[in-house]
Amino acid sequence: MKIRTWAYFHGQAFASMRRNSWMTIASIGTVAVTMVVFGAFLLLANNITHMAGNIESKVEISVYLQDEITSEEIDRLAQEFTSLEQIALVKYVSKEEALLRMRDWFGESSDFLAGLEMDNPLRNGFDLRTHRPEQVLEVVPILQTFDGVADVQYGQGIVEQLFAVTGMLRVIALGLMLGLAAAATFIIANTIRITVFARRREISIMKYVGATDWFIRWPFIIEGMTLGLIGSLVASGLVIWFYQAAVRSLAVSLPVLPLVKPWPFLLGVTGWLVLLGTAIGVVGSTISLRRFLRV
Amino acid sequence: MLELYAITKIYGNGVVALRDVNLKVDKGEFVFIVGPSGAGKTTVTRLILAEEKPTKGQIIVNNKVVNNLKPREIPFLRRQIGTVFQDFRLMPNWTVEENVSFAMKVVEAPTRAIRRRVPEVLALVGLSSKAKHLPHQLSGGEQQRVALARAIVNQPYILLADEPTGNLDPDTAWGIMDILQDINAQGTTVLMVTHAKNIVDAMRKRVVALEAGRIVRDEYRGSYGDEN
Ligand SMILES: Nc1ncnc2c1ncn2[C@@H]1O[C@H](COP(=O)(O)OP(=O)(O)OP(=O)(O)O)[C@@H](O)[C@H]1O
Ligand SMILES: [Mg+2]
């Protein structure tokens, strides 16, 4: 097809959208709603993964030492831990450091930690990290056999639960998404079907003049594609606006919850929305043309 | 040019519309197809346009067998055949000019050629002053002239007209006939289905008469024949 023919197709598609302005708005709205839900799903899934990764990277084994231990013994333990093949990282944490960390966590304002400097109830210890999360269970019993070790704690159960929950969330969100995408495709298919139906006489006239099937189809496909594209652009705008607002307000109220930084994250998310929305438009109009435009 | 060999057409519901029809039309001829309602006249035009396939027989247009064309080849057949119908079949939302230029857009003619050719054919059918009008702003005769302009704008080999004057008063009908004669004089083969006795009798062209799906008469310089 020549460029002037494509220009003509676009002109026809836009003229049709203007003529059926209500259908056009309804279709764009449906795609937008679908894509907002999909966008929300992408935001949530990515942030959960991000958080899980954060927590996973913090799956540390905390080894607490007996109070009366000497610094030579601490050095010796550090060496022995390092020599274990499962252990990737060994970090000594004195009880003073532990207290500082706790203050960080609860924030400056919390004053229930005040006075603890005098009589620090925390213990000296090590933070250990394994090469892989599943090695934690292997290495914990070994650690408990060392002299001078009072207690060994690890948080793997929490991580497993978190992954179980996010897995389920993903399945539910994906199911919801598929349903919505089907609904949006259906609505676009219906819009195009109605235009095709309203113009079936014109289509038959075109055929008498010798128009090829593709010459007749392209304006409808372009119309469906445009509906999908505009709908997903609207959704992208909403998603960008919402996420930036969420990041801004959470940064103040819940600073411990680390969200993925908006950029370039949102670029990827909205890219997917636009791609999927446009695809829905094309698929929707193609379905209608196959079923209702026997040309 | 246009040949029908032993054409039989039986519709899906069992109606036999044409039985063993043989017809040969040379380039540049003017042929009237007449006959009573239900004789199969429109069926002939639909077979030529490959809207329907013959049950038996072979159709050749411009040296090409058309009865077994693949669907995607049909548009290219239709570009060689201009068509005009009793009900005009214009795009209601398009101006006269747009209706005519559409036929050229379909064949992806250069914009410059469209700008040159469309006013030319509008002048030929006497509608230069109505180029920007919509079909509903025109009289029946004017609408039929738009349809004629659209049918000839790509200079087809054959012009098929199925009762082109059926909805028009006698004077207007003669206006259309004058244009058809002009087109024919320029070398286009014209095949016209009609019930207009006065026109057929006055023009003295070749007349093919159908009755119950058979050709019952084929005369040069013929007349409409008996009252139907
Ligand atoms: N699509 C169809 N399906 C079934 N039967 C049809 C179809 N089209 C036409 N027929 C039948 O075929 C026969 C010939 O029809 P056709 O339309 O060719 O007649 P015609 O000569 O053009 O008549 P008229 O002068 O009334 O236009 C008629 O009996 C008609 O009922
Ligand atoms: Mg007829």
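The shown structure was predicted, so the numbers you read here are calculated from the model rather than taken from an experiment. Below, chain A is the first sequence line, B the second, and so on; all start at residue 1.
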Discussion item. Heavy-atom count check: over 12 atoms from other residues, nucleotides or ligands less than 6.0 Å from B/Lys27 NZ?
Written reply: yes
Worksheet item: Would the number of heavy atoms belonging to other residues, nucleotides or ligands and lying under 6.0 Å from OH of B/Tyr11 be above 12?
Response: yes
Practice prompt. Would you name the heavy atoms of B/Pro75 and A/Gly210 that are closest together and state the gap between them?
Written response: CB-O, 3.4 Å
Worksheet entry | Interatomic spacing from OG1 in A/Thr212 to CZ in B/Arg78 - rounded to 0.5 Å | 12.0 Å
Fill in: Proximal component of A/Tyr208, with respect to chain B [non-hydrogen, under 4.5 Å]
both
Report all side-chain donor-acceptor pairs from residues 106-114 of chain B shorter than 3.5 Å, counting only partners two or more places apart or in another chain.
unit_1, atom_1, unit_2, atom_2, d
B/Glu108, OE1, A/Lys2, N, 2.7
B/Glu108, OE1, A/Thr5, OG1, 2.7

Fill in: B/Gln80 portion near chain A, given a 4.5 angstrom heavy-atom threshold
neither
Discussion item. Using a 6.0 Å cut-off, check whether atom CH2 of A/Trp263 has over 12 heavy atoms from anything other than its own residue.
Written reply: yes
Worksheet item: What part of B/Leu90 is in contact with chain A, defined as an atom under 4.5 angstrom from a non-hydrogen atom: side chain, backbone, both or neither?
Response: backbone
Discussion item. Is it the case that over 12 heavy atoms from other parts of the model lie below 6.0 angstrom from the NZ atom of B/Lys24?
Written reply: no
Worksheet entry | Per-residue contact mode, B/Asn99 against chain A (heavy atom under 4.5 angstrom) | neither
Worksheet item: Hey, is the main chain of A/Ile205 close enough, under 3.5 Å, to the side chain of B/Arg89 for a donor-acceptor pair?
Response: no
Worksheet item: Is the number of heavy atoms from other residues, nucleotides or ligands within 6.0 Å of CH2 (B/Trp174) greater than 12?
Response: yes
Item to complete: Would you please classify the geometry between the B/Phe102 ring and the A/Phe215 ring as parallel, tilted or perpendicular, with 30° and 60° separating the classes?
Response: perpendicular
Worksheet entry | B/Met91 side chain near A/Met206 side chain, heavy-atom distance below 4.5 Å | yes
Discussion item. Does any backbone or side-chain atom of B/Asn93 lie under 4.5 Å from a heavy atom of chain A? Answer side chain, backbone, both or neither.
Written reply: side chain
